[in-house]
Amino acid sequence: MIKSLNERCKQKYFDGDRDVVVRDNYDIICLMDRYEPLKIEEKWQNIWEKEKPFHAVEKEGAPKMFLAEMFPYPSGAGLHVGHVRNFTIVDVLTRFYEQQRLNVLRPFGYDTFGLPAENYAIKTGTAPQDVTRVNIANFRKQAKRLGYAIDWDREINTSDPEYYKWTQWCFLQLYKKGLAYQKESYQWWCPEDQTVLANEQVEGGKCWRCGHEVEKKKMKQWFFKITEYADELLKDIDALEWPEKIKTMQRNWIGRSAGAEIDFEVMNGRRITVFTTRPDTIYGATFLVLAPEYQGLDFIVSDDARETVNKYKADALKKSEIERQENREKTGVFTGAYAINPATKEKIPIYVADYVLAGYGTGAIMAVPAYDERDREFAEKFDLPIVEAELCDRDLFGTPKITYKMRDWLISRQRYWGCPIPIAYDKDGNPYPIPEEQLPVLIPEVEDYKPDHTGRSALAKAENWLKVEIPVKDPKTGEIHMEEMTRETDTLDGYACSSWYLWRYASPRDNKHAWNPEAIKYWEPIDYYCGGDHAVAHLLYIRFWCKFFADEGYLPFREPIKRLLYNGYINAPDGKKMSKSKGNVIDPLDVINDGYGADTLRTYEMFIGPYDQDAAWDPRSVGGVYRFLNRCYNLLNNIIDTDNVVVRNKTIKKVTEDIHRYNFNTAVAALMEYVNELYKNGANKTDLIVLAKLLKPFAPHLASEMLEKLDSDDEWPKWNDKYLISDTVEIIVQVNGKLRSKISISQDHLENEEMIIDLALNDEKIKKYISSGVKKTIFVKKAKLVNIVI
RNA sequence: GCCCGAGUGGUGAAAUUGGUAUACACGUAUGCCUUAGGAGCAUAUGCCAAUCGGCGUGCUGGUUCAAGUCCAGUCUCGGGCACCA
């Protein structure tokens, strides 16, 4: 077939019977209607831009399908190949369901608050608003260049006041119910820079900016009470259609422990409550240990020991996380105080040690060195008694108690580029919520974006903005008067902004609700959510908010994400993580503009391997996929009268089922096999229409072009099982489980076991293996296999 | 230390319910076409022997007519948590 094509084209060329576009290419490809991805892609992207085929509206009849990726942080560097993998997975599913005529919603947005924009602002004085605007424009342009089936009318941006107004509204709902609250907590603090530092800004116990030793400082911070939902968050994990890996990580993160709280009387009349998972070991409790930050430690310490304890406490607070991890040698000091073990009635000493954590349980433990390795280490070092006592009933001395590793979610950030917390303080420092009608609390404009010397965000520099009038009800007279207050200058953790955006997608321009109840009912919860990060943070926070807003009557479901696809990373060709400093970054836009086009890039990233595994970029394989798409297109040049009905139906089945299983790599492989077959046999119009339809989720531009040339719609094809059965069947003949021969029988004889075994035993190749006699024969109809045991 | 994953050709990987190991692609080799090829097309390609055949899914065993797949043990790599009482 190719030869004849070649002949014809050569002739045409020598007749001068057409435009020859490419000068340095003399042979058949240039003479045929040639695959020119950049041209085709521009054409179809213009059509999609104009006709908006992905614009979604609620309509009765067709079932809905809502899909999205984890919205990106629009960095200055633009899209990277990891984004492309993530977005393309969503796009393949979007188009797959669109072609099956489901009512599909696939929106897009930008997670724009964050440190890079703020650091850039501090360095250059450029407003983060401006940088963000430029970066979004670039991201949008690049996403459009990849041909994604996005409803661009639903774009959202978390730093848009129209958006963060509702983030603040969400905060106020949580505040009203006591789930947003202030608490003193220890934070990393640099005494030189006079600022709070995030964990990742502390390097080797020192400030990343000035190198001064950091310490822990008690500060008032805002928290969301996620622990209120710990039990439900844990319980509901079971029913989620999420990867087991993520479910396990969330379970571990929540870290439920069933135990008991037990009171110990201190000799000076006070009381210490400990948490233990082993209340049955209480007879072996030979001392108590308190965390250095233990509340009320001062009331327990004896006067003799006070100085030592205070020094130990100060040292412990200075210790960095890294130091704590590196040096696990037990340290601690005696408080000089004793408590009574309620089981043995014995007097036991009370210690302070940093191996006990203030944030877990009650910050105090009963040490049972006979049963607990850590307690034993401590006991050995400080020469404390180790008693192999008998076990008792679990609830004899304490009250049952469930404890979680998960802590409440600290949301205060001393940063400029975030959503302002809608709170103001009266002159006594009492917090008041900003009334909803005053929302949004806009981010003020400032000159300098650096945090100030009091450790407050740059918002504190906007003097006019700081003052606000809040209506206050007099508790005695009931009268309402306006009172001048000072605004909160901390901003919200960026994760707050992304904890509700999936609901905003349902009605992104609604200016009366955070999310429209009718739209929510129609579209949510999301059917497919795809990402490769945030296994415990974002994906836990969004579940927490969902349960809260369901309780408040704003959401008709308690789990926001039905199915989660967690994709792997794409590494550099050398197998290492891509990074600017290593100079091994592959820019997806370069791949496109080199002439491969978006379709090749998309299809390659689906073909690269299982979607949930990490993969290394291979530039040579990109070329292989490009060749494949070329071959698809070139088939249009030679449509003949033939019939590939069997392989066509097989391919429809395989590709359909593979996409349902997210086996995108094998779906592409099946299309390659199909094309190879069509090259061998020739292809008719139906063969090619099916090819284009099946190809469209992966290479939508090329497929659209093919379908236009073939004068066909894009409706997903169906297969017919009757074509999948061929007239003759191949029977595998094994001897002792090893393949030794194959025999061919007609389909009708598949029921006739006796005949098949007889054929197998008399097969020429088999005879020599079974001369010593046959012990038994097994026929498996389903596997079309005979096994002869000798 | 604890909890998850994963180990298959020269390479990325297939094998969906225990039933033909290595689909598809890359790479390589040879040929065709060509003034020319870093294009296109065709054929071959797990390893050893080069004829029959033997060996092959990290390793050692086990279950089974039959094991990449199930079981026990073990090694290596990757990820998560990490003094959570």
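Below, chain A is the first sequence line, B the second, and so on; all start at residue 1.
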- Would you indicate what A/Ile608 reaches in the nucleic acid, counting non-hydrogen atoms under 4.0 angstrom: base, sugar-phosphate, or nothing? sugar-phosphate
- Message: Measuring only the P atom in each nucleotide, how far is B/C75 from B/C59? A whole number of Å is fine.
- Response: 15 Å
- Query: Where the side chain of A/Lys782 is defined as all heavy atoms beyond and including C-beta, which of B/A85, B/C4, B/U17 is the nearest nucleotide?
  - Reply: B/U17
- Stepwise, does the ring pair (Phe, Tyr, Trp, His ring centres under 6.0 Å) test hold for A/Phe628 with A/Phe607? CA-CA 12 Å; A/Phe628 159 64; A/Phe607 184 60; 8.2 Å; no
- Residue pairs passing the salt bridge (Lys or Arg N to Asp or Glu O under 4.0 Å) test where at least one lies in residues 600-620 of chain A, sequence neighbours excluded: A/Asp91-A/Arg602
Donor-acceptor pairs under 3.5 angstrom involving side-chain atoms of residues 659-668 of chain A: please list them, not counting sequence neighbours.
from: A/Arg661; atom 1: NH2; to: A/Asp658; atom 2: OD1; distance (Å): 2.8
from: A/Thr666; atom 1: OG1; to: A/Asp658; atom 2: OD2; distance (Å): 2.9
from: A/Thr666; atom 1: OG1; to: A/Asn663; atom 2: O; distance (Å): 3.1

- Between B/U11 (P) and A/Asn571 (CG): distance, integer Å: 18 Å
- Provide the distance between the two P atoms, one in B/C26 and one in B/U35, to the nearest whole Å. 27 Å
- Item | cation_pi(A/Lys577, A/Tyr569) dist<6.0 Å, angle<=45 | yes
- Between A/Lys245 and B/C4, is there a side-chain N or O to OP1/OP2 distance below 4.0 Å? no
- Message: Between A/Glu244 and A/Lys654, which residue's closest nucleotide on RNA chain B lies nearer the 5′ terminus?
- Response: A/Glu244
- Message: Could you tell me how far apart A/Arg407 (CZ) and B/C81 (P) are, to the nearest whole angstrom?
- Response: 14 Å
- Task: Give a yes/no answer on whether the side chain of A/Lys405 brings an N or O atom under 4.0 Å of OP1 or OP2 in B/G80.
- Result: no
- Flag if over 12 foreign heavy atoms under 6.0 Å of CD, A/Gln747: yes
- Item | Secondary-structure notation, RNA chain B, from Watson-Crick and G-U pairs under 3.5 angstrom (| other strand) | (((((((..(((......[....)))((((((.......))))))(((....)))..(((((..]....))))))))))))....
- Message: With a 4.0 Å cutoff (strictly under), does any side-chain N or O of A/Tyr355 reach OP1 or OP2 of B/A85?
- Response: no
- Message: For the C1' atoms, the ones on B/U51 and on B/G7, what distance do you get once it is rounded to whole angstrom?
- Response: 37 Å
- Task: Look at the side chain of A/Lys775 against the base of B/C65 and say whether a donor-acceptor pair falls under 3.5 Å; ignore hydrogens and angles.
- Result: no
- Would A/Lys330 count as a cation-pi partner of A/Tyr355, with NZ or CZ less than 6.0 Å from the six-membered ring centre and within 45° of the ring normal? yes
- Message: So A/Arg740, base contact, sugar-phosphate only, or nothing? Heavy-atom distance under 4.0 Å.
- Response: sugar-phosphate
- Item | A/Lys576, NZ atom: more than 12 neighbouring heavy atoms under 6.0 Å | no
- Message: With a cut-off of less than 4.0 Å, is there a side-chain N or O of A/Tyr769 near OP1 or OP2 of B/C52?
- Response: no
- Given atom CG of A/Asn663 and atom P of B/A13, what is their separation to the nearest angstrom? 14 Å
- When rounded to whole Å, the CZ to C1' distance for the pair A/Phe779 and B/A66 reads 15 Å
- Enter syn or anti for the glycosidic conformation of B/G9, syn applying to angles within 90° of 0. syn
- Note on the structure: Tested for ring pair (Phe, Tyr, Trp, His ring centres under 6.0 Å) against A/Tyr541, the lone hit among A/Tyr495, A/Trp253, A/Tyr229 is A/Tyr495
- Straight-line distance of A/Ile246 CD1 to A/His534 NE2, nearest 0.5 Å: 11.5 Å
- Under 4.0 Å between any heavy atoms, over every strand shown, what does A/Lys768 touch: base, sugar-phosphate, or nothing? Just pick one. sugar-phosphate
Polar-atom pairs under 3.5 Å, protein N or O versus N or O of nucleotides 19-28 of chain B: list them with distances, or write none.
from: B/U20; atom 1: O2; to: A/Lys742; atom 2: NZ; distance (Å): 3.2
from: B/A23; atom 1: O2'; to: A/Glu673; atom 2: OE1; distance (Å): 3.3
from: B/A23; atom 1: O2'; to: A/Glu673; atom 2: OE2; distance (Å): 3.3
from: B/A25; atom 1: OP1; to: A/Asn676; atom 2: ND2; distance (Å): 3.0
from: B/C26; atom 1: OP1; to: A/Arg627; atom 2: NE; distance (Å): 3.3
from: B/C26; atom 1: OP1; to: A/Arg627; atom 2: NH2; distance (Å): 3.1

- With the threshold set at 4.0 Å, does a side-chain nitrogen-carboxylate oxygen contact exist between A/Glu244 and A/Lys247? yes
- Provide the distance between the two P atoms, one in B/A66 and one in B/A50, to the nearest whole Å. 32 Å
- Message: Taking only the C1' atom of each, what is the distance from B/U69 to B/A15 in whole angstrom?
- Response: 10 Å
- Query: Quick one: do the A/Thr642 and A/Asn681 side chains pair a donor with an acceptor below 3.5 Å?
  - Reply: no
- Could you give the distance separating B/U30 and B/G19 at their P atoms, to the nearest angstrom? 40 Å
- For atom C1', what is the distance between B/U22 and B/G46, given to the nearest Å? 7 Å
- When the P atoms of B/U8 and B/G68 are considered, how many whole Å apart are they? 15 Å
- Item | A/Tyr360 and A/Phe275 aromatic ring geometry - parallel, tilted or perpendicular at 30°/60° bounds | perpendicular
- Provide the full list of salt bridge (Lys or Arg N to Asp or Glu O under 4.0 Å) pairs with a residue in residues 779-790 of chain A, sequence neighbours left out, each pair given once. A/Glu751-A/Lys781
- A/Met406 atom CE is separated from B/A82 atom P, nearest whole Å, by 14 Å
- Note on the structure: When every non-hydrogen atom of A/Pro369 is compared with those of A/Gly284, the smallest separation belongs to CD-O, 3.8 Å
- CZ of A/Phe628 versus P of B/C41: gap in Å, rounded? 13 Å
- Query: How long is the line joining CZ of A/Phe275 and C1' of B/C83, in whole Å?
  - Reply: 15 Å
- Query: In terms of side-chain heavy atoms of A/Thr248, which of B/C3, B/C81, B/C83 is nearest?
  - Reply: B/C3
- Item | Near-strand residues of residues 361-370 of chain A, defined as heavy-atom separation under 4.0 angstrom from RNA chain B | A/Ile365
- Query: Across the strands shown, which category fits A/Ser257 at heavy-atom distances under 4.0 angstrom: base, sugar-phosphate, nothing?
  - Reply: sugar-phosphate
- Item | Distance, rounded to the nearest Å, where A/Leu540 contributes CG and B/C81 contributes P | 13 Å
